[in-house]
Number of protein chains: 2
Amino acid sequence: MNKAAGAMSYDELRGAIAQRHRALSGRLQQIAEFVLDHPTDVALGTVAEVAQRSGVPPSAIVRFAHALGFGGFTEMQQVFRSRLVAGVAPSYKARLARMKSQEKSVLGRQPAAVLSRFVSEAQSALVTLSQSVHARELDAATAILAKARDIYLLGLGGSFPVAIHLAYVLRKLGRRVVLLDGTGGSIHEQSHAATTEDALVAISFRNYYPDTARLFPELVARGVPTISITDSLLSPIVEGASVVFEIQDMPEPALRTLVAPMCLVQALAIGLDLAAD
Amino acid sequence: MNKAAGAMSYDELRGAIAQRHRALSGRLQQIAEFVLDHPTDVALGTVAEVAQRSGVPPSAIVRFAHALGFGGFTEMQQVFRSRLVAGVAPSYKARLARMKSQEKSVLGRQPAAVLSRFVSEAQSALVTLSQSVHARELDAATAILAKARDIYLLGLGGSFPVAIHLAYVLRKLGRRVVLLDGTGGSIHEQSHAATTEDALVAISFRNYYPDTARLFPELVARGVPTISITDSLLSPIVEGASVVFEIQDMPEPALRTLVAPMCLVQALAIGLDLAAD
DNA sequence: TAGTAGATGGAATGAATATTCTAATCTCAC
DNA sequence: GTGAGATTAGAATATTCATTCCATCTACTA
């Protein structure tokens, strides 16, 4: 009770339980062992469930929480839940905490602090990327690109740098690329020659550029095989796509670094080249 | 409802939501977007909490679950919880080990291995970036940009995506930007109006694009304050520059991910914006 | 313009849940 | 063996929660 139990992290809680274990009564010791062994059950279960699985009456569970300085089971459960969210989304939590603490301080506005913030954000974006992209999708995408006569690239607005970069790399590798950039008129005309023998790589993040949303379905309807890189399964370039890469947690347009999509398209291009031999 | 919703995995559920999204009513679409973006909130929250955060009445949440074939919110929540449980199981170390082993295996040419290689390369590029860029340079660069009437951006060839991205962000923040891209003729003409009141951000990596090497000294000679982002102190855009950011260890053109320079320009732009207030 | 089918929001309901309370039990010292 | 203090189990309670129901609103059709 020497610490405000509400603000405890999961690891701190483990330490506290281990430390007090000897001083607890028999039943409470039994519960202590159970919760350390089954943290997930505690995080998601009800008092009754935890009680049954650990073989004690429900009231004992509540007494256990009290003994640790919590106001009740629900309060203790929050700590166990924090472990779950930390495990699945390291980026989200870290980013939020960072933003909150730095954004408003004077130090946080200095360019050096801004840079380190973007760097760490980019780091977690990369971790998320490598976790969320599966081999199956990459293989399918590579196969599509390998068969394509011309590769059409569609990425406007904030996604344009990614499209440009992919165009650059693919051309370096000797592929025929048509970059749909809308220069000098209609994007529709630029894409007019695309057929089922070609392929389209579409890149779009919120807010989805209107031209992208308009052109994409047309090409899909014409039977052009399509690879989509986007931030949500609900984006306008998902339906009808042959392969979808979903990059989650993209920050708002002005703040995004494009690190993850840049890395992905790079891997696509190089992977295509290596697979060709 | 073609599938027993109870036995659905999280990924299957995501697919199902994406697939039916268009067929759903307005409110239900809104909820679909929220739950795909905030799966953790759904996994751990109550109906009332999810309802409040997504800005809909609680009953709509339940109707959403029904529309997906679940018996109610609680049933749907189980699927979101399974994601959390799965997330903790494979430890961080195990994931890292898997990446390492993939890297060196015979299958190193498979797209998935290529991606993980680029990801880890990008990671170390970011570390190098944050170590090699110093606060003094960032402050100086920010000061130059803050005083500039128009900001000229010069980045051709492989660096073009970086220039485009910087242009995009700066414009979003309300800055006047001239992107020297050479469309429709001479880059010299595009840069003709640049004066000592303006500023130039030049980005160039090996092999240095000829036009960049030619134009840069001209602008320097005209007294335009200049920020250079490059990979060597011997590059043609170093001499005469007001501030130089040297990004070391850039891979060869076709293999570079541009992660480090993208991050840097992002930090410059946002740092400029934050310092302005 | 009137009518209809569907969607929506909010209050009502009933179930499930955490917590509290009290009588019973156990432990240990004498 | 007996009594005091702590500990426990289970019933009682009060709260929170998911769900349902219905009146209202909206969009589309005739």
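The chains referred to below are lettered A, B, ... by the order of the sequence lines, with proteins before strands, and numbering in each begins at 1. Note that this is a predicted model, so its numbers are computed, not measured. Hydrogens, waters and symmetry mates play no part in the numbers below; they use all other heavy atoms, side chains included.
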Would you give me the side-chain donor-acceptor pairs under 3.5 Å for residues 214-221 of chain A, sequence neighbours excluded?
residue, atom, partner, partner atom, Å
A/Arg214, NH1, A/Asp211, OD1, 2.9
A/Glu218, OE1, A/His188, ND1, 3.2
A/Glu218, OE2, A/His188, ND1, 3.3

Quiz prompt | Residue list, ring pair (Phe, Tyr, Trp, His ring centres under 6.0 Å) with A/Tyr208, at least two apart or on another chain | solution = none
Are there more than 12 heavy atoms of other residues, nucleotides or ligands under 6.0 Å from atom [atom1] of [X]?
X: A/Phe73; atom1: CZ; result: yes
X: A/Arg136; atom1: CZ; result: no
X: B/Asp11; atom1: CG; result: yes

Quiz item: Which ones in residues 43-53 of chain B lie close to DNA chain C, meaning a heavy atom under 4.0 Å from one of its atoms?
Solution: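 When residues 43-53 of chain B is checked for heavy atoms under 4.0 Å from DNA chain C, there are no hits whatsoever.
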List in chain and number order the residues that pass side chain to side chain donor-acceptor pair (under 3.5 Å) with [X], two or more places apart in sequence or in another chain; answer none if no residue qualifies.
X: A/Tyr10; value: A/Arg14
X: A/Asp139; value: none
X: A/Thr230; value: A/Ser235

Quiz item: Partners of A/Asp150 by salt bridge (Lys or Arg N to Asp or Glu O under 4.0 Å), sequence neighbours excluded?
Solution: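 Checked A/Asp150 against salt bridge (Lys or Arg N to Asp or Glu O under 4.0 Å); matches are A/Arg176.
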Exercise. Assign B/Ser59 to base, sugar-phosphate, or nothing according to its heavy-atom contacts below 4.0 angstrom with the strands shown.
Key: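 Result for B/Ser59 = base.
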Exercise. Walking along DNA chain D from 5' to 3', note the first and the last nucleotide with an atom under 4.0 Å from a heavy atom of chain B, and give both.
Key: D/dC17 to D/dT20
Exercise. Determine whether B/Leu28 and B/Arg63 make a side-chain contact, defined as any pair of heavy atoms from C-beta on separated by less than 4.5 Å.
Key: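 SC-SC contact between B/Leu28 and B/Arg63 confirmed.
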Quiz prompt | Flag side-chain contact, heavy atom, 4.5 Å: A/Thr183 against A/Gln190 | solution = yes
Practice problem: Mind grabbing the angle between the end helix axes of the helix from C/dT1-D/dA30 to C/dC30-D/dG1? Five pairs an end, 10° rounding. | Solution: 20°
Self-check item: side-chain contact (heavy atoms from CB on, under 4.5 Å) involving A/Gln52 - partner list, sequence neighbours excluded
Solution: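 Partners of A/Gln52 under the side-chain contact (heavy atoms from CB on, under 4.5 Å) test: none.
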Quiz prompt | Residues forming a side-chain contact (heavy atoms from CB on, under 4.5 Å) with A/Glu197, sequence neighbours excluded | solution =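 Per chain and number, A/Glu197 pairs via side-chain contact (heavy atoms from CB on, under 4.5 Å) with A/Arg149, A/Thr195.
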Self-check item: Nucleic acid contacts of residues 25-37 of chain B, taken as heavy-atom distances under 4.0 Å to DNA chain D
Solution: none
Quiz item: Between A/His66 and C/dT20, does any side-chain N or O lie under 4.0 Å from OP1 or OP2?
Solution: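 Checking C/dT20 against A/His66, a side-chain N or O does come within under 4.0 Å of OP1 or OP2.
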Exercise. Check whether any side-chain nitrogen or oxygen of B/Arg63 sits under 4.0 Å from OP1 or OP2 of C/dA7, and answer yes or no.
Key: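 No, because none of the side-chain N or O atoms of B/Arg63 sits under 4.0 Å from OP1 or OP2 of C/dA7.
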